[in-house]
Amino acid sequence: MNEREVVNLEEKLMANVYAKRPIVITRGKGALVWDINGKEYIDCTGSYGVCIVGHSHPKVVEAVKRQAETLISCHASFYSDARSELLQKVTQIAPKGLNKVFLANSGAEAVECAIKLARKFSGKPEIIAMMGAFHGKTMGALSATWDKKYRDPFKPLVPEFNHVPPDNLGKVKEAITEKTAAILVEPIRGEGGVRVPPNGFLPGLREICDEMDVLLIFDEVQTGFGRTGKIFACEHWNVVPDILCLAKSVAGGLPLGITIAKENVMSSLKVGEHSTTFSGSPLVCAAACAAIDVLVEEKLPERAATLGRYFKEKLEGLQARHKVVREVRGLGLMIGMEFRFDVLNVILKSMDRGVLILDAGRNILRFLPPLVIEREHIDRVVGTLDTVMEEEKK
Ligand SMILES: Cc1ncc(COP(=O)(O)O)c(C=O)c1O
């Protein structure tokens, strides 16, 4: 198929729910992808944060090949060696005290499980989430998501979700009632503009939850797995939640959602009360085991911390040169660059010049590159942005 045929088929046959970029990507390696015409791009989208270990990491490829030849599917009502190995690896890297796991297929599903778990464990209905939060688009996760444009067409949503201003402990405390089961929060808001909370916020939430007997849920779907310079972003503040949600990158690019909880919390779910057909399929588990090995062996969180500082400094250099940049922020290789205007043109022009960048709202560029990205790539990204921003001035 040529480029036109691929585009035409997707346009004709696929639900029109994605804002498409006009390139057909056919190959990826590390931090690079190539389009159908052989043009190379530096991938600062990481497939929306999925490609932490890089595109087609050889260890993930090898594990998938090996497992595909052995056993691809095995329902969780049977035991599986690949699944048990993953459970062991996940609980070894998880924050201390989180040791019981539910496996699903996506970030939204990891959040759905957390919501059901909070209600079941506490016997209470209400979840407090943050204004500006993004937790996914299935009905439960959507009810915790803030943005009106995602929510309004689908009302009524799941009841008893209450949103409070972010980073404000007083407002959180005020919102807690005798019906509150849990507080759900992204340690760093991703879709909401790459917003790092003030230092006291997450420890303060932990204190409030302990004091008022409310569960604390961290959605680390975007921040987890080394992205911010630690395996989990909550480690920056030494705060352990009661329930942790993971997805995106945990299976090296294959679909996997993980909910990890304290044993007593997860044990409140009884046989049949929650399940999904693909829960912990051997193929995905083998890929995830390989991805965790790569994360640890290649010290990717440390790499994210070092390269993230380098990248941020370079972007701050651009901020000093171009008055259109309002702020550069983030942790590790999760970086946002806020402009004084709409960034769509910057994104499209950078793409023309071989750099893929995400947005996070109308005026914010978001960088979620694979953690295996090289300094030389970062230099090229910054050089490209410099040229594009210079052009935008004209
Ligand atoms: C913090 C957070 N939670 C949940 C989700 C939903 O994940 P998924 O798209 O895999 O359902 C996302 C997706 O971007 C996310 O960033």
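We count ligands from 1, going down the list as the structure has it; atoms in each ligand are counted the same way.
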Answer yes or no: is there a side-chain heavy-atom contact under 4.5 Å between K116 and C113?
-> no
Looking only at heavy atoms, which two atoms of V194 and R329 are closest? And how far apart?
-> O-NE, 2.8 Å
Any chance the rings of F218 and F232 have centres within less than 6.0 Å?
-> no
Using atom types as modelled and distance alone, determine if a side-chain donor or acceptor of D167 lies under 3.5 Å from a backbone N or O of P197.
-> no
Listing by chain and number, which residues have a heavy atom under 4.0 Å from ligand 1?
-> S106, G107, A108, F134, H135, G136, E186, E191, D219, V221, Q222, K248
Is a salt bridge present between D152 and K155, judged by a nitrogen-to-oxygen distance below 4.0 Å?
-> yes
Backbone N/O of K29 and side chain of S56: donor-acceptor pair under 3.5 Å | no
